[in-house]
Protein chains: 2
Amino acid sequence: MATATPPTRPALRARYERKQQEVVATAARVFAERGYQATSMQDLTEATGLAAGGLYHYIGSKERLLFRICDELLEPLLEQARAIVAHDAPAADHLRELLRAWLAHIAAHRAHMLVFAQERHVIEREPQWRDVRRQRKAFEQILDDVLARGERDGTMAFADRGLTLLALLGMVNHTATWLKPRGRLSPAQIADGYCDLLLKAGAAA
Amino acid sequence: MATATPPTRPALRARYERKQQEVVATAARVFAERGYQATSMQDLTEATGLAAGGLYHYIGSKERLLFRICDELLEPLLEQARAIVAHDAPAADHLRELLRAWLAHIAAHRAHMLVFAQERHVIEREPQWRDVRRQRKAFEQILDDVLARGERDGTMAFADRGLTLLALLGMVNHTATWLKPRGRLSPAQIADGYCDLLLKAGAAA
DNA sequence: CAGCATACCGAACGATCGCTCGAAGTTCGA
DNA sequence: TCGAACTTCGAGCGATCGTTCGGTATGCTG
C-alpha cells in the first residue's frame, strides 16, 4: 500500500490535510454512485479537478483511498459510541443514544457508508483490512453489550438477542440506501423509530 | 447486451440450459466472494473449467451474466410471493408465509442475493436494469400491502408503517451476509424471529 | 455415412486500467 | 531574495481487461 507524501513543514500541513479530506469526500461520492472497482482513476481526476499526478500526491493509491473512507466512517463513530456507554444510564437510554448518534453519522457520511457496505467482500477477505474489521466488530460488541445489560437487569426480554442484534444491524445499515437529505423522517426520528421497534418487541413481561 | 447462442435442436436444448445454469451458479459464487467488477473473465474460466470461448458460448457477456443472476433470484421469489397472497388468510399469516419463503429463498440462493445487494449501484442507475428494479419493487409492494391490510383490519398497528417496511427489508437483506448453511438458526426460525419482532412491535392496542 | 449444428479452445485485439516520473510552476522560510 | 519544499501536470508505462474469431473435435440427424 503506497503512501502519500504529506509536507514536513507544519505550516502547510493543515492545507494539505484539508485538501486531502476534500479528495476523500469526493471519491466517496463517486464510489458510492458507480462502485469502487467500477470507478477509474480517470473518473476521479474529473471529479476532483486534479490530474493523475496531483491526485496521487494526496492519496497514495486507490486502495489507500478506500481505506481512508472506511476509517473516516468507523473511527469517529466508535469514539462516540464509547463515550455514550461510558456514562451511567439505563440500557434503554444508551440504546437510544447509540442509535441517534449512529443514524446522524450515517446521514452525515452517507457516501462513506454506502461504499463501506458495498465493498464488504474486500474488507472481509483481505488481511490488510483486519483493523477495519476489528473496528466494526468493536462497535457491534458495544450494541450487543447494551442489549445484554437490558436483559440482565430485567428491563428487556428478547426472544433471541443474537438475532435481534443482527436485525438491528441490518435495518440501520440498510438505511444508507434510502435515506435522503430532505426525507420525510429526520435521522433522529428514524433512530427513535428503530429504538421503539426493538424496545416494544423486547418489552419485559 | 450480446446474446449467447442456444441450440435450435430441441434434443440439445436441455443439456445446454443445464450447463448454462451451472455456469451462472458458479459465477454467482465467485461474484459474491470477489465482487462483480473485481472478478475477471479469467477468474470465471478457472472457476468453471471452460476456456474463454466456451464461456461466451453460454453467457453472451459479463453483464448478461449479472442480469441472469438477478433474474434467477427475483423471478421465482416474486412468483412465490404472489401465490401466497393469492389465497385467503389473515394478514399476519401472509406475513409469516412471505418471510419463510423469502428466507428459504435467500438460503438457497445466498450468492445470488449477495451479488444483487452488492451491485445495487449498477441496478439502480442503468436504464437496461429497469425490469429488475420493477421486480424488486413489486415484491416490496406485496409486503407493504400485507402490512397495510393488517392495519386496516385492526390486527396490526405500527407507529410508522413505511419505516417498519424499510426496517424489515433491511434486516432480511442483511441476513444473506451472515447466514451459514449450518448456522444456529434455520431459515424458517429466522423468518419467524423477524415476523415475531414485527408483530410484537406492531401489536394492536 | 454424410453433413451440418454444436461444443469448446486459445491466441490475439483494442481499450482501458492503476500508477510513475521528470519537469514546470508556486510558495514558504531564512 | 534565493534555494528548498511543495504542488501539480500529463505523457506514457506494463499489465490486464472483456471480447472476438477461426479453428478443431464431437456429436446428432437424415
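Protein chains get the first letters and strands the later ones, always in sequence-line order, with residue 1 at the start of each.
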Would you classify [X] as touching base, sugar-phosphate or nothing, given that sugar-phosphate means primed atoms plus P, OP1 and OP2, and contacts are heavy atoms under 4.0 Å?
X	answer
A:Thr48	nothing
A:Arg15	sugar-phosphate
A:Leu55	nothing
B:Ala52	base

Grab the [atom1]-[atom2] distance between [X] and [N] for me, whole Å please.
X	N	atom1	atom2	result
B:Glu46	C:dC9	CD	P	13 Å
B:Ile59	D:dG18	CD1	P	10 Å
A:Tyr16	C:dT27	OH	P	18 Å
B:Leu12	D:dT29	CG	P	6 Å
A:Glu63	C:dG18	CD	C1'	12 Å
B:Phe31	D:dG18	CZ	C1'	11 Å
B:Gln42	C:dG10	CD	P	13 Å
A:Met41	D:dA11	CE	P	17 Å

Exercise for the section: Compute whether any side-chain donor of one residue and acceptor of the other, for B:Glu97 and B:His87, lie under 3.5 angstrom apart. Expected result: yes
Problem - Pair A:Ser61-A:Tyr56, side-chain donor/acceptor within less than 3.5 Å - result: no
Handout entry: A:Gly54 or B:Gly54, whichever maps to the more 5' nucleotide of DNA chain D
Key = A:Gly54
Practice task
By nearest nucleotide on DNA chain D, pick out whichever of B:Gln37 and B:Pro10 is the more 5' one.
Solution key: B:Gln37
Fill in the blank from the handout: When B:Ile190, B:Leu98, B:Ile106 are each screened for side-chain contact (heavy atoms from CB on, under 4.5 Å) with B:Val172, the one that passes is B:Ile106
Between [X] and [N], is there a contact of a side-chain N or O with OP1 or OP2 at under 4.0 Å?
X	N	result
A:Thr8	D:dC6	yes
B:Tyr58	C:dC8	yes
B:His57	C:dC8	no

Handout entry: Residues A:Glu119 and A:Arg125 bridged, charged N to O under 4.0 Å
Key = no
Practice task
Hey, which sits more toward the 5' end of DNA chain C by its nearest nucleotide, B:Arg9 or B:Gly53?
Solution key: B:Arg9
Fill in the blank from the handout: Comparing A:Asp43 with B:Ala51, nearest DNA chain C nucleotide closer to 5' gives the residue B:Ala51
Taking the side chain of [X] as heavy atoms from C-beta outward, which of [options] is closest to it?
X	options	result
B:Lys62	D:dG18, C:dG18, D:dT8	D:dG18
A:Lys19	D:dT8, D:dT19, C:dC28	D:dT8
A:Ala11	C:dG18, C:dG29, D:dG18	C:dG29
B:Ser40	D:dC6, D:dG18, D:dG27	D:dG18

Handout entry: CD (A:Gln42) with more than 12 external heavy atoms under 6.0 Å
Key = no
Exercise for the section: Determine which pairs satisfy side-chain hydrogen bond (donor to acceptor under 3.5 Å, both in side chains) with at least one residue from residues 108-118 of chain B, sequence neighbours left out, and list them in order. Expected result: B:Glu72-B:His112
